[in-house]
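By convention in this document, chain letters (A, B, ...) are assigned in the order of the sequence lines, proteins followed by strands, and residues within each chain are numbered from 1.
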Number of protein chains: 2
Amino acid sequence: MISLTEENYLKALIYLSFLAPGVEEKKDVGTNELASYLKLKSSTVNEMLKRLKEKNLINHEKYKKITLTPSGEQNGLKIVRKHRLWETFLFTKLDFDWIEIHEVAEQLEHIKSEKLVGKIDKLLGYPNFDPHGDPIPDKHGKIPQRITKNLSAVDIGKNCIVLAVSDTSKDFLNYLEDLGISIKTEIGLIDKIAYDRSIKIKIKDKQYSISKKVADNLLVNEKFN
Amino acid sequence: MISLTEENYLKALIYLSFLAPGVEEKKDVGTNELASYLKLKSSTVNEMLKRLKEKNLINHEKYKKITLTPSGEQNGLKIVRKHRLWETFLFTKLDFDWIEIHEVAEQLEHIKSEKLVGKIDKLLGYPNFDPHGDPIPDKHGKIPQRITKNLSAVDIGKNCIVLAVSDTSKDFLNYLEDLGISIKTEIGLIDKIAYDRSIKIKIKDKQYSISKKVADNLLVNEKFN
DNA sequence: ATTATTAGTTAGGTAATACTAACTATTATA
DNA sequence: TATAATAGTTAGTATTACCTAACTAATAAT
């Protein structure tokens, strides 16, 4: 049996090693890194690492980095799955505000009932992404690929999050900086002007107009709304 | 802040002191009674009693009985409310079987979010009774009165639970025993025969016919179905 | 009224999860 | 390469929530 606390450690390890934004491939995690993420002292974490290793959930040698075992990863992904399904439930079925769902899902993710997860998944229509646009692992732990598209392909009225840029020239990046656009910036698509194919967008309630060329170079991830 | 364990003690005290079937008016609870209900040792319970008293949730003097303070009762009823709302949710919204809902609700009842409880309550249409027919305390802790009726007043197709008998003669009780009817027996109402006003019932998938006189003396509580 | 039984308490122990303070190993820098 | 900085570990402490064993108080039975 994995305790609630142990589950939180696994989730943190999953996050830091490959789920955090910007982490492309799996990376090993250090004790202090984990401690500071969990807002705990490294000695506390160190002790827990022994228990997790004992339970064959992580690999860890003294003074070395931490990696998840297949079992640890599987179990951690289950928590991530539950968290994101509950967030989706709260948002779409109970009209919770986008900002409130995380905290409640932090509690709900620890409810132990395979059947409940399955029923919630079904009720939601087996969603692949949560309201933040983050992928929901399936019951086997498989993570759906993000649907990344150009900003110019986003539908009018939708919001999206900037994931990457396909032009990395100084000029382009400077221009983005002036607009206040960087990774994770939320952009709302207001309108598409047929005449010159320019696009009207909204960033933090301020409107801008950008050309199709600029929009084509912004890779984004559509959000729920 | 009331811990999960403390919540379970409060819930148990609520149950033993006035919510358990057969308890008509509030009664004081003993340490051992509580311990055996919670399947714990009395020493363990004794220690917890100190903390609950410390937190002003119970009244307790050495070697004397335990009573809940208004705060303890209020807090305990909140847990009962959540438990029964979640059971109703699982049963009516997620098609859980009647038998499975308790265990999952035991976990869900500890989720801390006023808003979540309110939303679930609303989603369910502010029910007064859970699928077992037990009353759901409202947000102020008020407990709806059970709708107790004679078996003869139950609608065709409904199931109900025997709560009491209004005839306690030996003859009547013996007759009930022969039919396998006692307190908490579940009875399904199959049909009402207009001719002699007799009633066709089902007990554990076996059908019986009883007279109106018998049905009038059985007090029952309608269940969900 | 004495004694036996039942109810309740105390003392001391354990496991899980946190902490602080002091230590050691590893890595980076001058 | 010596040393400073960073990363990681160990030792000892606290709290919560459980336990067993041994005790005392209250109640029931003869």
So CG of Leu108(A) and CD1 of Ile111(B): to nearest 0.5 Å the spacing works out to 4.5 Å
Rounded to whole Å, the CD-C1' distance (Glu61(B) to dG8(C)) equals 14 Å
ask   = With respect to the phosphate group of dA7(C), does any side-chain polar atom (N or O) of Lys65(B) fall under 4.0 Å of OP1 or OP2?
value = no
Step-by-step side-chain contact (heavy atoms from CB on, under 4.5 Å) determination, Ile203(B) to Ile187(B) = CA-CA 5 Å; Ile203(B) 301 167; Ile187(B) 296 178; 4.2 Å; yes
When you look at Leu57(B) and Leu13(B), which way does the side-chain contact (heavy atoms from CB on, under 4.5 Å) test go after all the steps? CA-CA 11 Å; Leu57(B) 295 164; Leu13(B) 283 169; over 6 Å; no
Rounded to the nearest 0.5 Å, the CG atom of Leu16(B) sits from the CD atom of Glu33(B) at a distance of 5.0 Å
By nearest-nucleotide position on DNA chain C, the 5'-leaning member of Leu4(A) and His60(B) is His60(B)
Report each atom pair, protein N/O against N/O of nucleotides 10-16 of chain D, whose distance is under 3.5 angstrom.
{"unit_1": "dT10(D)", "atom_1": "OP1", "unit_2": "Lys62(A)", "atom_2": "NZ", "d": "2.9"}
{"unit_1": "dT10(D)", "atom_1": "OP2", "unit_2": "Lys50(A)", "atom_2": "NZ", "d": "3.2"}

### Query
Within a radius of less than 6.0 Å around NZ of Lys27(A), do more than 12 heavy atoms belonging to other residues, nucleotides or ligands occur?
yes
Contacts of Glu6(A) meeting salt bridge (Lys or Arg N to Asp or Glu O under 4.0 Å) (sequence neighbours excluded), chain-then-number -> Arg51(A), Lys55(A)
When Tyr63(A) and Lys41(A) are each assigned the nearest nucleotide of DNA chain C, the 5'-most assignment goes to Lys41(A)
In whole angstroms, the gap separating C1' of dT27(C) from NZ of Lys64(A) amounts to 13 Å
